[in-house]
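Structure first, commentary second.
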Amino acid sequence: MLLPIATMVTEIPISWYLGLGLVMFCLGGVGVVVRRNPVVVFMCIELMLNAVNLTFLTFAAYGIYPGLNKATAYQSAMNGQMMVIFVMAVAAAEVAVGLGIIMAIFRLRNDVDVDDMSSLKN
Amino acid sequence: MDWLIALRDGTGPLGQWGPIVLGVIRVLLFVVPILTLVPGLIWWERRLLSWMQDRIGPNRTGTITFPESFPLAGLRGKKVRTFGLLQPIADGVKLFFKEDATPAAVDRLVYFTAPAVALFPAFALGGTLPIASLRYPFEAAGSGIFAFFTPVANVDIGILYVLAISSLGVYGVVLAGYASNNKYSLMGGLRASAQLISYELAMAMSLACVVMASGSMKIPDIVAFQEGPLWGFVNGVQNWAIFTPYGLVAAVIFVICMIAETNRAPFDLPEAENELIAGYHTEYSSMKFAVFFMGEYAAMFVFSGVFAAVFLGGANLMPFRWEQLSSDFPAMAGLFRGLAYANYWLGPVAFLAKQAAGITFFIWLRATLPRLRYDQLMNLGWKSLLPMGVANFIVVGLWVVCTQMFGPAGGFASLLGAFVVLFVLYTNLVGAAKTSTPGIQKRGIKMVDPTPQGVTMVDPNKV
Amino acid sequence: MSASEIGFLALALLAVIGAAGVVLIDNPVRSALCLVLNFFVLGFIYFTLGAPMIGITQIMVYAGAIMVLFLFVIMMLKRQGAMAKPDKPDSRLGLAVVLGLALAVTVYATVIAPQGVTLPLGIKDYGTPQAVGVSLFTNFVWPFEVVSVLLLVGIVGSIMLAKRRI
């Protein structure tokens, strides 16, 4: 009675999930370096955080190292999952404050470009 | 029954495809009624609104006048009226054949995606909603034929799924507002995003109250909880959430949030026609507009279903526990047994009736209440509904714990205590707010004296 | 290829398209939409990992709340005339791509390649709301409280930043 996707027992090797996380993380990193719009830079950071979340959950489901016993494996899975929840909560707080900062900067300078935000330089 | 079990478990003639076929049937059983009933809803809204506004409304479409030369003598010259029931078809034909204008400066990809994005959550929302009773009378949960056909997915995260999908409902509006490249549309999109984020929170709090009381996020479990004895000790009556004190508060909050989430009057600020022309769908014509329209009605329909399932006892026609009554009153056991079976088989009808009542309520509100101002909307969401939801959440916790520890009397005592505490807090806060400087002066806004100089107000009672 | 592998590859493709769109598309609103796609698909990937609670929270928090906030701010800034400048990737793009590829190769070689074909442990029900709730209020109650304080600080801070006059 469940959604097919929710019951889909994965026989997928761990490297696929980790690879997806890696691709997302690197794309996010490139975006942070390349883009100049602070909102987009911020979105790229969110992307990197989500890549990390995916990695946490992957290790939760697959175990950090082979040969975990049953109880330790459950505890380790819970730990990975909890990290994801805390990262989400911290990301939510970060977005609220970060977007507030961007709005404040916009009000001050009437333009948003990370390359021009160099008041603290020298 | 056996072939259904085989189909579900993948051991029937269809093999592995059995569960998938059953899933498709479940989805169709949920979606097809919505698709077929939406035109009826449009007719119902127009007729009901016109009655409430002392008009006649669309009552002519579908009237057949038989000519004098008609073969059947009895029908010659007679008119057969259908109360305008064919009006939605006429509307549909009109929308199909209107010119599909696309303004030049729109962001084309987003512009064409937005209606589809608006329609998706309305249909996906009910995926965890049981539209019939999942328990055959006098048997264990999960028995009976309806259990195979509803809900689409009985997952652990039922209520969260509803909240998650309803929070995606804002995208259609925001994207349409942005892509239209029109100042008013953008304003509509901005208003919608702020409005939906604000009301999402209060809605989550109100649903969380029922989740906490019933101890499960599965909507079928919440319905089963509502089939228990009222307040835990009135054996013959079902414990519908709306009959419980905390559930009543939660239901009021949920209804208000539900109207705000579907962008219906009095919360239709994103499309306020006398401020923003038509808001986010100003630039949409023809079928693209019709898709927005359909999404709104489908969302109303499904949200009414959520309300019926979570607060109004799901697919039970009346709040009586017929099975319990039949064992409590052996003299009338036959009657009550019959009613229990009738209640089971009429479940889908009862559910539809509750949805229809919900939609009628939507239309009634639209005809009754004027639109809120934007600051009133924000104040209502953040300063009234959210604190009320949080307070209610604490009260539910107290209720559950005290009922477990001291029985039903403990529950009511905790309720009384909570009420006293909240009342004292409220009066003190209001008093403090009155004695402190009014916010409007603190912000440096000068109030104009409403009585002009030289004009003295005359007390009408003394003339 | 099994059905679950095809399913995963389809989801992963959508997620990568979304992620690439965020970085490559010039228009911030479209970038944000690509990110919404990515987050939404990521929720389903979490479902396939057996964590429905996290998956639905992902959709609710990221796709439903955080990205709406982003879109709200982008549209507000756009309305007030910011973001008129095209944000074309410039000379830094080459360097960034090289560095990104270097990072990817390094991490792949040191972390992912040694993993081999490890298969899931098949832990039952570790992602249900009950399991998450019990864990959150027993072993992780202190981090939970700290995060709640953090969120409160976030609320106060963002109000301080955003309001012109308190």
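In what follows, every chain begins at residue 1, and chains take the letters A, B, ... in the order their sequences are listed.
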Going by atom type alone, with no hydrogens or angles, which donor-acceptor pairs under 3.5 Å involve a side-chain atom of residues 134-158 of chain C and a protein atom two or more places apart or on another chain?
from: T138(C); atom 1: OG1; to: V134(C); atom 2: O; distance (Å): 2.6
from: S148(C); atom 1: OG; to: E145(C); atom 2: O; distance (Å): 2.5
from: S158(C); atom 1: OG; to: G154(C); atom 2: O; distance (Å): 3.0
from: S158(C); atom 1: OG; to: I155(C); atom 2: O; distance (Å): 2.9

Would you give me the side-chain donor-acceptor pairs under 3.5 Å for residues 41-49 of chain A, sequence neighbours excluded?
none

Item to check | pair P28(C)-V39(A): side-chain heavy atoms closer than 4.5 Å | outcome: no

Checklist entry - Got a second to check how far N53(A)'s CG is from I54(C)'s CD1, nearest 0.5 Å? => result 8.0 Å

Next on the checklist: Under a 4.5 Å cutoff for heavy-atom pairs, which residue among L99(C), V61(C), V97(C), L103(C) has the most contacts with chain A?
Outcome noted: L103(C)

Next on the checklist: For a quick test of reading the model, state the closest non-hydrogen atom pair linking V132(C) to Q81(A) and the distance between them.
Outcome noted: CG2-OE1, 3.6 Å

Checklist entry - At their closest point, which heavy atom of L161(C) faces which heavy atom of V97(A), and how far apart are they? => result CD1-O, 3.6 Å

Checklist entry - CD1 of I45(C) to CG of L57(A): how many Å apart, nearest 0.5 Å? => result 11.0 Å

Item to check | Heavy-atom proximity to chain A below 4.5 Å, by part of Y62(C) | outcome: side chain

Item to check | Smallest separation among heavy atoms of Q58(C) and N50(A), with atom names | outcome: NE2-OD1, 2.9 Å

Checklist entry - Taking all atoms of both residues into account, what is the closest heavy-atom pair of L42(C) and M24(A), and its distance? => result CD2-CE, 3.8 Å

Checklist outcome for this item: Correct closest heavy-atom pair for I66(C) and A92(A) would be CD1-CA, 3.9 Å

Checklist entry - A32(C), A104(C), A51(C): which one forms the most heavy-atom pairs within less than 4.5 Å of chain A? => result A104(C)

Checklist entry - What are the two closest non-hydrogen atoms of L54(A) and Y46(C), and how far apart are they? => result N-OH, 3.5 Å

Item to check | Largest heavy-atom contact set with chain A, pairs under 4.5 Å, which of A15(C), G55(C), A131(C) | outcome: A131(C)

Checklist entry - To the nearest 0.5 Å, how far apart are CG in L22(A) and OH in Y108(C)? => result 9.5 Å

